[in-house]
Protein chains: 2
Amino acid sequence: MDNKEAIVAYARKTVPITELEAIEFASAFKEILVKKRQFLIQPNFTAKSRYFVLNGSLRAYVIGDDGQEHTIQLALEEWWISDYNSYIYQQPASMFVVALEDSRLLEISYDDESKLKAINHQFETFFRLLAERTAASMQRRLISNLTKSAEERYELFIERYAEFTRRFPQYVIASYLGMTTEFLSKIRNKRVKQKS
Amino acid sequence: MDNKEAIVAYARKTVPITELEAIEFASAFKEILVKKRQFLIQPNFTAKSRYFVLNGSLRAYVIGDDGQEHTIQLALEEWWISDYNSYIYQQPASMFVVALEDSRLLEISYDDESKLKAINHQFETFFRLLAERTAASMQRRLISNLTKSAEERYELFIERYAEFTRRFPQYVIASYLGMTTEFLSKIRNKRVKQKS
DNA sequence: GACAGACGATGAACTACATTAGGAAATATG
DNA sequence: CATATTTCCTAATGTAGTTCATCGTCTGTC
């Protein structure tokens, strides 16, 4: 039960939760350990759970028709990860979700989450706010992809997600930003030269 | 009160609502008429409302640093529109929202929506599902933008949003799909030739 | 401690798409 | 119904970003 304090503390940043409710809330989660390179979700299988990261790092990506990997989401401590579309609609996934480091996660199944939402208005509110923030951040990323150049997107990324830049390898960041590793390498090199 | 039946009928597709609740729900909305080219939201002003389209069409777009317009969202009958990020966080908008035709809308303010969510678990659930679906559709669009070519994005668009293709001018669709009108024109021309 | 696989850098050739500029057709609007 | 204005098309030229191929370095791992 110890590690589940983290998810309660996290939820309490958003909605008030009593001690009694906290037990109920926490009991819907199950702690799991995953090894580096272990897959949690794969295309064509339905994402039956989503995951809250206690520690470690994960990556969600799709493989396009051309065989290229495109990173859709990254997760560190206190982030959630899954194939969002698959989870919400309980339909086959299009994404891979894989651990980039040995990680400790809290898993919640779609059914257990549904029950939490149904039995308690506060829990419903918590997940509603989570969804709203997810939608808002996706929209910001979409706008960034539509309006900014590769270089600008990289600048914004390292400014906004400094920690990610340190924790994830370059090819992951490049594929998150929608460019090739080669091009990101070129951008980085240009930046270094400009500073001197 | 007449036109507000539409929003109740719409909500009932998602959650059960009693007759009594229906009145409460509908009373949070206000019918408004907007003329073609009229703006509902502009950058730097906070989007205090979101809008449900009874009839007509609207467009949400940003203007990038280079002066280019990028369409973020389109709305026809039974769609919602606003600057999502601005509305959710009640922060200054980055988008314009403008009517492309004379339109009839139902407006709900952030405060009235918050009250609906607070007083009734069903209403909260309704808006939670709305947010989840919004997030899922944004993610699908993001993936499409990352993994598909301009031509493939256009193909998917006309397949999935046939009605949009009929109702919106080409430059709007091009800027929604993240390409120039000239390039879209080229794609269309190529398609016509291929079919014969 | 050597070998294999992952990661990043670099440069040259290529391509998907943008930009610019022009004009034709369709639609509003007085 | 006449004239703006908006929308759409065509074609030449330009460029951000990709592809491909090569090489050095670093990091496990038996």
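Atom set for the values below is all heavy atoms of this structure, side chains included, hydrogens, waters and symmetry mates excluded.
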Provide, to the nearest angstrom, the distance between the [atom1] atom belonging to [X] and the [atom2] atom belonging to [N].
| X | N | atom1 | atom2 | value |
| --- | --- | --- | --- | --- |
| A:Lys186 | C:dA9 | NZ | P | 12 Å |
| B:Lys190 | D:dA11 | NZ | C1' | 17 Å |
| B:Met179 | D:dC8 | CE | P | 14 Å |
| A:Leu184 | C:dG8 | CG | C1' | 10 Å |
| A:Phe168 | C:dG8 | CZ | P | 13 Å |
| B:Leu100 | D:dT6 | CG | P | 13 Å |
| A:Asp65 | C:dA16 | CG | P | 15 Å |
| A:Ile187 | C:dG11 | CD1 | C1' | 16 Å |

Using a cut-off of strictly less than 4.0 Å, decide whether [X] has a side-chain nitrogen or oxygen near OP1 or OP2 of [N].
| X | N | answer |
| --- | --- | --- |
| B:Thr180 | C:dA18 | yes |
| A:Gln170 | C:dA6 | no |
| A:Gln68 | D:dT19 | yes |

- Message: Under a 4.0 Å threshold between the charged nitrogen and the carboxylate oxygen, would B:Glu132 count as salt-bridged to A:Arg128?
- Response: no
Given [options], the nucleotide with the shortest approach to the side chain of [X]:
| X | options | answer |
| --- | --- | --- |
| A:Arg188 | C:dC17, D:dT10, C:dA9 | C:dA9 |
| A:Ser149 | C:dC17, C:dA18, D:dG17 | D:dG17 |
| A:Pro169 | C:dT10, C:dC7, D:dT6 | C:dC7 |
| B:Glu182 | D:dC20, C:dC17, C:dA21 | C:dA21 |
| B:Asn189 | C:dT29, C:dC17, D:dT10 | D:dT10 |

What is the nucleic acid contact for [X], judged by heavy atoms within less than 4.0 Å: base, sugar-phosphate only, or nothing?
| X | answer |
| --- | --- |
| A:Tyr171 | sugar-phosphate |
| A:Thr181 | nothing |
| B:Glu152 | nothing |

- Query: Between B:Asp66 and A:Phe183, which is nearer to the 5' end of DNA chain C once each is assigned its nearest nucleotide?
  - Reply: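 The answer here is A:Phe183.
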[X] and [Y]: aromatic ring centres closer than 6.0 Å?
| X | Y | value |
| --- | --- | --- |
| A:Phe126 | A:Phe25 | yes |
| B:Tyr110 | B:Tyr87 | yes |
| A:Phe164 | A:Trp79 | yes |

- Message: Just checking A:Tyr89: does its OH atom have more than 12 heavy atoms from other residues, nucleotides or ligands closer to it than 6.0 angstrom?
- Response: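 It does: A:Tyr89 OH has more than 12 such atoms within range.
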